Amino acid sequence: MKFLVCISNVPDTTTKIAFTPDNKEFNKAGVQFVINPWDEYALTRAIELKEAQGGGTVTVLNVGEADTEPNIRKALAIGADDAIRVNAFPKDAFFVAQQIASIAKDGGYDVILMGKESIDYNGFQVHGMVGELLGIPTVAPAMKLDMSGNTATLEREIEGGKEIVEVNTPFVASCQQPMCEPRIPNMRGIMTARTKPLKVVEPVGDAPRTEVAVYALPPKKEGVKLIPAENAGELIKLLRNEAKVI
C-alpha cells in the first residue's frame with residue numbers, strides 16, 4: 001500500500017510573531033520552523049500501518065521552498081521512505097491542494113494523509129479540496145485510523161459525539177489526536193535520512209487565487225482593574241458599561 005503524507009513547515013509554537021514593515025508578509029528572521037504538529041500524527045500513523053502490513057511505502061510531500069528541506073529530512077528520519085518537495089511558496093490553500101492532487105494522481109497513492117490544519121493559518125481547507133480535485137472520499141477530522149486490506153475504518157469527531165465510518169481506498173483523511181503518539185527520530189533514522197530520496201518538482205496548475213491584503217497583530221491587552229470586594233456595585237457597573245458582558 002502506498003501512503004502519501006503531506007507536511008507543512010510552520011513556525012514553532014513559541015515564536016514571537018512579527019511582520020514585514022508593509023504588514024504583507026510574515027517576518028521569518030530568527031524564527032525556528034518545525035513540522036506542523038497535526039501532520040506528525042498523520043506521518044506516524046502511516047508508518048505504523050505500513051509496519052503492521054509488513055510492506056508498502058510512505059512518501060512525504062511538502063509544498064515549499066528549499067528552506068523546508070531540514071524538516072523534510074526530519075520526516076524521513078522519523079520513518080518515511082522518500083520525499084517530494086514542490087518548489088513553490090504555499091501561497092493559498094487551493095494552490096497547495098492542486099500540487100498535492102497532481103502528485104497523488106501521478107503516483108497512484110492509496111491513502112493520502114495530512115494534519116487537520118496547519119497551526120499557522122488554521123484553515124482546515126486543504127484535505128477537502130484534495131479529495132474534490134481527485135474525486136475520492138475525504139474523512140475529516142479523523143481521530144483513529146485502522147486498515148483491513150483495502151478498507152479503512154476511521155473514527156471522526158462530530159458535533160456532540162463521534163462517528164465511525166468505513167471507506168475503501170483511495171481516500172483522503174486529515175488527522176488529529178489521539179490517533180497515535182508522534183514519533184521522535186532516533187540516531188539510526190537521522191543517519192539513514194541523509195541518503196533517502198528527496199525529489200524536487202516544479203509546481204503545476206493555476207497561480208494562487210488569493211493573496212494577503214494585510215496582517216495585523218491583535219490589540220494589546222489593557223491593564224487589569226482591581227475592585228475591592230465590598231464595592232460590588234462598581235464591579236457590576238464596569239461589567240455592564242465597559243466590558244459589556246452583562
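All figures in this text were calculated on a predicted structure; none of them were measured in a lab.
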If Ile, Leu, Val, Met, Phe, Trp and Tyr residues are connected whenever their side-chain heavy atoms lie under 4.5 Å apart, and connections chain through other members, are [X] and [Y] in the same group?
{"X": "L43", "Y": "F3", "value": "yes"}
{"X": "V96", "Y": "V201", "value": "yes"}
{"X": "M147", "Y": "V167", "value": "yes"}
{"X": "V5", "Y": "Y41", "value": "no"}

Is [X] reaching over with its side chain to a backbone N or O of [Y], donor-acceptor style, under 3.5 angstrom?
{"X": "D82", "Y": "P197", "answer": "no"}
{"X": "N150", "Y": "T169", "answer": "no"}
{"X": "N36", "Y": "E117", "answer": "yes"}
{"X": "R45", "Y": "L145", "answer": "yes"}
{"X": "D81", "Y": "V58", "answer": "yes"}
{"X": "R73", "Y": "K196", "answer": "yes"}
{"X": "S174", "Y": "A140", "answer": "no"}
{"X": "N71", "Y": "N9", "answer": "no"}
{"X": "S102", "Y": "Q99", "answer": "no"}
{"X": "T153", "Y": "D146", "answer": "no"}

Nearest heavy-atom contact between P11 and D120 is CD-CB, 4.1 Å

To check you understand the geometry: which heavy-atom pair defines the closest contact between L154 and A142, and what is its length?
CD2-CB, 3.8 Å

Would you compute the distance between atom [atom1] of [X] and atom [atom2] of [Y] and round it to the nearest 0.5 angstrom?
{"X": "R240", "Y": "I246", "atom1": "CZ", "atom2": "CD1", "result": "5.0 Å"}
{"X": "L113", "Y": "H127", "atom1": "CG", "atom2": "NE2", "result": "12.5 Å"}
{"X": "M114", "Y": "S8", "atom1": "CE", "atom2": "OG", "result": "9.0 Å"}
{"X": "I103", "Y": "L61", "atom1": "CD1", "atom2": "CG", "result": "6.0 Å"}
{"X": "M143", "Y": "E155", "atom1": "CE", "atom2": "CD", "result": "5.5 Å"}
{"X": "T192", "Y": "M187", "atom1": "OG1", "atom2": "CE", "result": "11.5 Å"}

For atom CD of E132, decide whether the heavy atoms of other residues, nucleotides or ligands shown that lie under 6.0 angstrom number more than 12.
no

Report all side-chain donor-acceptor pairs from residues 12-19 shorter than 3.5 Å, counting only partners two or more places apart or in another chain.
residue : atom : partner : partner atom : Å
D12     : OD2  : T14     : N            : 2.9
D12     : OD2  : T14     : OG1          : 2.5
T15     : OG1  : D12     : N            : 3.4
T15     : OG1  : D12     : O            : 2.7

